Amino acid sequence: MIFVQHRARIILTVQTKRPVDEIQLMIQVSQGDLAKLGILYERYKQSLFGYFYRVTCGDHAFSEDMVHQVFVRVLKYRSSFKGTGSFAKWVFHIAHHIAVDYSKSFRHYAGPDSLAIKPSGEPDPYKSLEQQEKIILLNRALSRLKEDDREAVTLAKIQGLKYQDIAAILDTTEGAVRVKIHRALIELKKIYSHLEST
Amino acid sequence: MENTDPKRKEIEEAERLLDQTPIPELTESLDRKFYDFLDAAITTRDQFPQRSRTALYWYAVAAGIALFVMGWLGGSVLSTRNKSSVEITGLSGEVRDLRESLALTMIQQPLPGKRIQAINMLADMKNPDDKIYATLLSTLNHDPNDNVRLVALEALAKHVENDQVMAGMVEAIGQQQTSPVVLLRLTELMALLGEKRALPMLKSILEKPDLNYNIKTQIYETVQGLS
């Protein structure tokens with residue numbers, strides 16, 4: 001089965017050849033060695049999912065769908081990768097555009113509180129009730145932040161992304177990003193504490 | 001020394017909150033979807049190696065010129081023989097049938113890329129017949145790949161004035177619960193077209209307990225709008 005063969009090969013490569021330079025990998029993809037995309041996918045799928053999961057305030061199905069869309073675009077626009085910046089910055093720039101499209105789709109009908117409610121019936125990977133409540137509260141608090149603030153704090157938590165990269169992704173300056181993230185974190189804490197006490 | 005700045009403390013607490021609140025694991029279906037997609041891309045690439053873009057462009061130009069010359073020659077031959085325009089129409093009909101057969105064969109291919117190509121060929125045909133509509137509807141309902149189903153839906157959306165298409169799209173709502181994107185797009189189309197026939201199907205979906213919350217919200221809004 002092709003799926004199994006590719007996957008096994010990719011996982012093996014990740015395990016035996018670390019650390020492989022991501023810029024080089026992406027350049028190889030852009031030059032036609034498409035199988036290398038599997039290595040980048042394995043490295044980035046969880047952090048991209050985490051980004052979308054936070055940005056959508058806990059929408060699991062959409063977040064997975066958007067991770068797939070990111071790699072569809074990576075392949076589509078592979079020739080535009082010049083290797084001048086990190087792969088992380090480039091891939092999250094793509095993710096940002098996908099998140100903006102998502103946001104446009106839902107702006108007209110999803111209220112801030114409604115987004116935070118967990119879809120019923122979804123299998124829950126967490127055992128602790130306290131942890132579940134924490135997730136719901138955090139999602140609710142995130143949903144009350146402004147969209148760009150929510151995205152900024154989420155990007156700030158992604159390993160490998162510097163303020164400079166986040167500024168480039170959000171098309172602003174490094175100083176502005178730093179201020180935005182700090183303000184958003186204070187606001188997030190304030191909202192969370194308020195929700196916790198009510 | 002402990003930091004006493006209250007703002008600094010709030011920032012640290014918010015950061016801790018984000019760090020300590022876990023994010024769920026990905027499901028295996030994402031891996032399967034990605035590797036299917038990658039396999040399709042690799043296979044397609046192997047069939048059209050490196051020079052693909054430039055070469056394909058020139059092939060297309062050459063094919064265009066060849067078609068033009070053939071058309072011109074065909075036209076000259078027909079006119080010198082005083083053939084009627086009915087024969088020319090017959091010829092273009094045969095070309096169309098050939099394209100249609102090719103697309104209908106391609107849509108059976110295992111590679112999603114090929115199937116998308118086939119759908120695009122069908123979508124480009126002028127005055128599509130019932131067979132084309134039925135093929136696109138069947139793809140929308142049964143294709144295992146979300147992207148293929150989405151492309152089929154976009155192709156069908158150009159023919160909503162056709163009753164068979166509209167009725168088929170309404171029925172398809174019930175088949176799309178494995179793909180939030182396709183279901184969302186279908187619901188959007190129903191709202192946009194004011195299609196009241198979709199109401200029973202949308203209402204029945206609303207009753208499903210495991211429906212994605214955001215989809216549920218959109219369906220609810222659409223039901224409200226259509227009622």
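The basis for the numbers below is simple: all heavy atoms, side chains too, and nothing from hydrogens, waters or symmetry mates. Each chain gets a letter, A, B and so on, in the order its sequence line appears, and its residues count up from 1. Please read these numbers as outputs of a predicted model, since none were measured by experiment.
Annotation: the span from A/F49 atom CZ to B/I23 atom CD1 amounts to 7.5 Å, rounded to 0.5 Å. The structure places CG of B/D36 at 8.5 Å from NE2 of A/H68, a figure rounded to the nearest 0.5 Å.
A/E64 approaches B/L30 most closely through the heavy-atom pair O-CD1, 3.2 Å. The two residues A/L34 and B/L38 have their closest heavy-atom pair at O-CD1, 3.5 Å. A pairwise comparison of heavy atoms in B/F37 and A/V72 identifies CZ-CA, 3.6 Å as the closest pair.
At least one side-chain heavy atom of A/L185 sits less than 4.5 Å from a side-chain heavy atom of B/L18. In this structure, the side chains of B/E10 and A/L188 stay at 4.5 Å or more apart for every pair of heavy atoms. The closest side-chain heavy-atom distance from B/I11 to A/K189 is not below 4.5 Å. Two residues are said to be in side-chain contact when any heavy atoms from C-beta on lie closer than 4.5 Å; B/E15 and A/V153 fail this criterion.
B/T27 touches chain A through backbone and side chain together, each having a heavy atom under 4.5 Å away. When heavy atoms are compared at a cutoff of 4.5 Å, A/R54 approaches chain B solely by way of its side chain, counted from C-beta outward. For A/Y192, the part sitting under 4.5 Å from any heavy atom of chain B is the side chain, from C-beta outward, and nothing else.
Atom CG of B/D19 is surrounded by more than 12 heavy atoms from other residues, nucleotides or ligands within 6.0 Å. The environment of CZ in A/R183 is sparse: at most 12 heavy-atom neighbours from other residues, nucleotides or ligands sit within 6.0 Å. More than 12 heavy-atom neighbours from other residues, nucleotides or ligands sit within 6.0 angstrom of NE2 on A/H97. Counting heavy-atom neighbours within 6.0 Å of B/Y220 OH, excluding the residue itself, gives a total of 12 or less. Within a 6.0 Å radius of CD in A/Q164, other residues, nucleotides and ligands contribute 12 heavy atoms or fewer.
Remark: the backbone N or O of B/E25 is paired with a side-chain donor or acceptor of A/H60 at under 3.5 angstrom.
With chain B as partner, the option from A/H182, A/E187, A/K190 having the largest number of non-hydrogen pairs under 4.5 angstrom is A/H182.
The aromatic rings of A/Y41 and B/F34 lie parallel to each other, their planes meeting at an angle below 30°, with 60° marking the opposite boundary.
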